[in-house]
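Data block below; observations after.
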Number of protein chains: 2
Amino acid sequence: MLTPNDAHPEKTIVTQLRAYLAQTDLPEDGRLPPERELSAALGVSRTELRKALDVLESEGQLWRHVGKGTFVGSRPLDTFADIAALARRSNPAEVMRARLVIEPEIARAAAFTATPAAISEMRLCLARSRQADTWRQYEGWDTRLHRTIAEATQNSLLVGLFDTLNAVRRAVTWGRLRTAPLRPLPSHHSFTEHEMIVDAIEHRDMAGAATAMRTHLQTVERKLLEKQMRAANEG
Amino acid sequence: MLTPNDAHPEKTIVTQLRAYLAQTDLPEDGRLPPERELSAALGVSRTELRKALDVLESEGQLWRHVGKGTFVGSRPLDTFADIAALARRSNPAEVMRARLVIEPEIARAAAFTATPAAISEMRLCLARSRQADTWRQYEGWDTRLHRTIAEATQNSLLVGLFDTLNAVRRAVTWGRLRTAPLRPLPSHHSFTEHEMIVDAIEHRDMAGAATAMRTHLQTVERKLLEKQMRAANEG
DNA sequence: TTAGAAACCAATTTCTTTTTGGTTTATATT
DNA sequence: AATATAAACCAAAAAGAAATTGGTTTCTAA
């Protein structure tokens, strides 16, 4: 015959677990023993322990993470964005997709708020990037143009998010593929694309700015993929 | 007899180094070979090479770091995005505008990539937030819903940017104006708005997800403004 | 006195191993 | 037939070991 406890065994384990948490002196970080140890200590199977842990987690009383462990309390939120950690977890494809999500909308917002001063700085970036003697120089002006657009939103938080995105982009390794001409050619696709973005912003064309930015980033993405393909075929 | 070159041997090596830098294809990060290799390649002793590197470093043309290597260009400064600094420079209105720029696009991307598991977690958040007894609990599930949507993009960088945005949002002081009911009422606007977002994501309706998120955030913004007005009139 | 080679140091990276939550599979057990 | 259990397996993360690298010291030789 079944006792009430046997009818709801998982409830017993949850209770057992609560008692354990109440009486046990957990370390500073609130980490509790690994499931394999804890299940042995409580004299239950790992499967049953995990069911109980699921309950407590859904109640928000603890959080878990593979490789880290199980902790009481709520999952800590980082007080700082670790660029290096983000870069380690990410990859070029993700960075590109993130840019495609974020930057067109920043361009759209910039079209609404950009000042004449901001626009003339964009024009300066356009001109300098055309005059660049080396790819390194070109990249400098390209980066500055995109940041000027972010600044044109007049929203320091958006600029901060853009900087974070950009820092991760630089930190992620593309597999060193510096092919083709030694310096940017006048026919380089980015020149006209950049101008279309700035034109749209200048004309307060929000939709146009977003579209132009998206088109530009899609071209960049395609070129990078082509380079990767070539590198793969050659190597 | 001494030739001019022999009289200033380090100058020769500096020149040799400059030539090397000009003609060599450096990797993306601008790192040049370790001193031990480079000295062998240039046919000079490591001591003499280091003297030349000292010159170029003092000119600001390169930077070095133990364990990392020697790099051309200027030393990168920020490896962290300081949330506290961002929050200090920002304000509630900016945060709200940034959310309106970022989150609808995250919802759009999520509608494309969300897994059934992610969607059921969203549903769980919806249910729990409805059952919340306190505003604190409600906020917990609200936050988790928005983060689940970000996670559904399956893009760790976007999740990171969302977390940064969220951390700044928390850090910015809203003036702590918690008026009206002690707990969320069933008529609370967010409930239906949240459901529209999740519905759109579930139906892979990218435009609908973006619109629903934008509508939701605009309502949040309006409510906050109304609260501020009331607080201003009362105070 | 100076240059050069080697050894040494500590910061950093890279590679390997171990740990850990999550998942699957097979075997009992009821 | 259904469920619980144990074991194996997986990928994320941490921990540890080994190799790399700029900086410094020491010793030798010219």
Side-chain angles (χ1 to χ4, degrees), chain A residues 1-3 5-13 17 27 29-58 61-72 75-76 78 82 84-91 94 171-173, chain B residues 2 5-13 17 27 29-58 61-72 75-76 79 115-118 120-121 151 154 156 159-160:
Chain A
M1 169 194 156
L2 294 175
T3 70
N5 275 353
D6 289 345
H8 301 290
E10 70 286 353
K11 195 156 193 175
T12 305
I13 299 179
L17 196 49
D29 56 359
R31 178 179 182 178
L32 45 100
E35 293 177 353
R36 290 161 176 85
E37 280 181 33
L38 191 52
S39 63
L42 297 182
V44 300
S45 74
R46 198 182 155 209
T47 316
E48 293 302 304
L49 170 66
R50 281 181 56 75
K51 285 184 191 168
L53 287 173
D54 287 343
V55 174
L56 265 61
E57 186 186 28
S58 70
Q61 304 217 6
L62 49 84
W63 61 279
R64 309 185 265 184
H65 197 293
V66 259
K68 282 183 172 161
T70 305
F71 302 80
V72 301
R75 172 179 273 103
D78 288 342
D82 187 342
L86 274 179
R88 221 177 312 118
R89 286 176 186 72
S90 196
N91 57 63
E94 267 199 9
V172 166
T173 58
Chain B
L2 293 175
N5 276 353
D6 289 344
H8 301 289
E10 69 284 354
K11 195 158 193 177
T12 306
I13 299 178
L17 237 185
D29 55 1
R31 178 180 183 177
L32 44 98
E35 294 177 353
R36 290 161 176 85
E37 278 182 34
L38 191 51
S39 62
L42 298 183
V44 300
S45 74
R46 197 183 156 207
T47 317
E48 292 303 303
L49 170 65
R50 282 182 56 75
K51 285 182 191 168
L53 287 172
D54 287 343
V55 173
L56 265 62
E57 186 183 28
S58 68
Q61 304 216 9
L62 50 83
W63 62 278
R64 309 186 264 184
H65 197 292
V66 243
K68 281 183 172 163
T70 306
F71 303 81
V72 301
R75 168 181 274 104
T79 54
T115 63
S120 55
E121 191 176 344
E151 287 171 3
Q154 299 181 29
S156 64
V159 175

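These numbers come from the heavy atoms of this one structure, side chains and all, not from hydrogens, waters or symmetry mates. Chain identifiers are assigned alphabetically (A, B, ...) following the order of the sequence lines, protein sequences preceding nucleic acid strands; residue numbering begins at 1 within each chain.
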Give the minimum heavy-atom separation between W63(A) and E57(A), together with the two atoms involved.
-> CA-OE2, 4.4 Å

If you take all heavy atoms of L17(A) and A52(A), which pair is closest and at what distance?
-> CD2-CB, 4.0 Å

Output a table of nitrogen or oxygen pairs between the protein and nucleotides 25-30 of chain C separated by less than 3.5 Å.
none

Protein-nucleotide distance (L56(B), atom CG; dG22(D), atom P), rounded to Å | 15 Å

What are the two closest non-hydrogen atoms of V72(A) and L62(A), and how far apart are they?
-> CA-CB, 3.9 Å

Would you give a per-nucleotide map of nucleotides 7-22 of chain C, 5' to 3', where B means the base has a protein non-hydrogen atom under 4.0 Å away, S means only the sugar-phosphate does, and - means neither?
-> BB--BSS------BBB

Heavy-atom nearest pair, E37(A) first then P33(A), reads OE1-CB, 3.9 Å

Set of side chain to side chain contact (heavy atoms under 4.5 Å, CB included) partners for R50(A), sequence neighbours left out | E35(A), R46(A), R64(A)

Can you tell me the distance, in whole Å, between the CG atom of L49(A) and the C1' atom of dA4(D)?
-> 14 Å

Closest approach of L49(A) to I13(A) (non-hydrogen atoms, all atoms of both residues) | CA-CG2, 4.5 Å

Result for side-chain contact (heavy atoms from CB on, under 4.5 Å) between T70(B) and one of L38(B), L32(B), L56(B) points to L32(B)

Between CG on residue L42(B) and CD on residue E48(B), distance to nearest 0.5 Å = 12.5 Å

